[in-house]
Amino acid sequence: MNPEASLTVLLCVLAYFLGSVPFGYLAAKVAGLDITQKGSGNTGATNVLRTLGPQYAVPVLAMDLAKGAISAYLGLRFTGMGVLGALLVGAFAVAGHNWSVFLRFRGGKGVASSAGVVLVAFPLLLLVAFGVFVFIVLVTRYVSLGSLLAAWTAVALSFTPGYGLTAQIPVIILAGFITYQHRSNIKRLMTGTELKISFGKGSASR
């Protein structure tokens, strides 16, 4: 294996472990709670928001986004593969977030960490997808629906002029991660039992 390939493998492994750091779980521990036993049991910022409120959720959101962005930047800077390297290494961070080695392969749903990856690789896609997310959440109060529609908006935009397979395939993979992790939410959305969000501790509602 040549040195460049070896470095890429090393960065992917490091990104997985960085992604595995469960900031939501750690924040809840500071508050004296086990987040895996509260709400949805998810370690992401949405469950932290519902359980502990925005004072905990906002830092968790920022740190989850950062681990995707940092990993993607390292891939962009050091693999020699440009944007593809950013997406490859970033995807390992998302995988670590979703299936954390520190939590017996449990974790979050990969929305914030994926956003961090796309921020580095394709900032315009993230900007539009974020706009869709905010609009959907404000109108429906379903974070899960906003996340899913934002992810697939990014996929649709990757098929517009200026992008190619280098963008399309990795963005589809990231959207696939998000969709898979939201499979229980999709069932609840279809049956009308998904929880809505408001901003405050203990904020889940019908």
Side-chain angles (χ1 to χ4, degrees), residues 11-12 15-16 18-19 23-24 42-47 49 57-58 60-77 79 81-99 107-186 188-190 194 197:
L11 287 174
C12 288
Y16 173 78
L18 175 60
F23 290 117
N42 190 271
T43 63
T46 299
N47 197 36
L49 175 63
V58 171
V60 168
L61 177 66
M63 288 185 285
D64 285 347
L65 188 147
K67 58 190 179 182
I70 291 169
S71 299
Y73 175 76
L74 292 174
L76 181 69
R77 179 71 175 80
T79 64
M81 294 189 290
V83 170
L84 183 59
L87 292 163
L88 174 63
V89 178
F92 275 84
V94 176
H97 176 78
N98 291 351
W99 302 287
K109 297 189 176 180
V111 178
S113 51
S114 293
V117 175
V118 178
L119 174 64
V120 172
F122 303 112
L124 181 58
L125 292 189
L126 179 65
L127 179 64
V128 177
F130 179 70
V132 170
F133 172 81
V134 171
F135 176 76
I136 295 298
V137 172
L138 288 177
V139 170
T140 69
R141 293 172 56 211
Y142 288 128
V143 173
S144 57
L145 183 61
S147 300
L148 289 162
L149 291 178
W152 289 100
T153 294
V155 171
L157 289 173
S158 74
F159 284 85
T160 59
Y163 300 97
L165 288 176
T166 300
Q168 292 155 5
I169 293 175
V171 171
I172 288 170
I173 290 171
L174 291 175
F177 277 172
I178 290 171
T179 303
Y180 178 77
Q181 292 296 90
H182 280 85
R183 58 198 184 279
S184 60
N185 303 84
I186 293 170
R188 290 194 295 269
L189 285 167
M190 294 175 68
E194 176 72 327
I197 197 76

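Quick note: numbers below take in every heavy atom, side chains included, and nothing from hydrogens, waters or symmetry partners.
Note that the CG atom of L126 and the OG1 atom of T153 stand 12.0 Å from one another [nearest 0.5 Å]. Atom CZ in R188 sits 9.5 Å away from atom NE2 in H182 (nearest 0.5 Å). Put simply, CG on L124 and CG on L119 are 11.5 Å apart, with the number rounded to the nearest 0.5 Å. In this structure, the separation between OG on S144 and NZ on K109 is 7.0 Å, given to the nearest 0.5 Å. Atoms CG and CD, on N98 and Q181 in that order, are 4.0 Å from each other to the nearest 0.5 Å. Of the inter-residue distances, the one linking Y142 atom OH with I197 atom CD1 reads 12.0 Å to the nearest 0.5 angstrom.
Within 6.0 Å of the CZ atom in R77, the count of heavy atoms belonging to other residues, nucleotides or ligands does not exceed 12. For Y163, the OH atom is densely surrounded, since the number of other residues' heavy atoms within 6.0 Å is greater than 12.
By the side chain to side chain contact (heavy atoms under 4.5 Å, CB included) test, F135 pairs with V139, sequence neighbours left out.
When side chains are defined from C-beta on, L61 does not count as touching F23, because their heavy atoms never get closer than 4.5 Å. Residues I172 and F159 form a side-chain contact, since some pair of their non-hydrogen atoms from C-beta on lies under 4.5 Å apart. The shortest distance between side-chain heavy atoms of L88 and L11 does not fall below 4.5 Å. Within the 4.5 Å cutoff, side-chain heavy atoms of F122 are placed close to those of V83.
N42 contributes no side-chain N or O that, together with a main-chain N or O of N47, makes up a donor-acceptor pair within less than 3.5 Å. Checked by atom type and distance alone, the side chain of S113 never pairs as donor or acceptor with a backbone atom of D64 at under 3.5 Å. Using a distance-only test at 3.5 Å, with no hydrogens or angles considered, a donor-acceptor pair links the side chain of T160 to the main chain of L157.
In this structure, W99 and Y180 have tilted ring planes: the angle between them lies in the 30° to 60° band.
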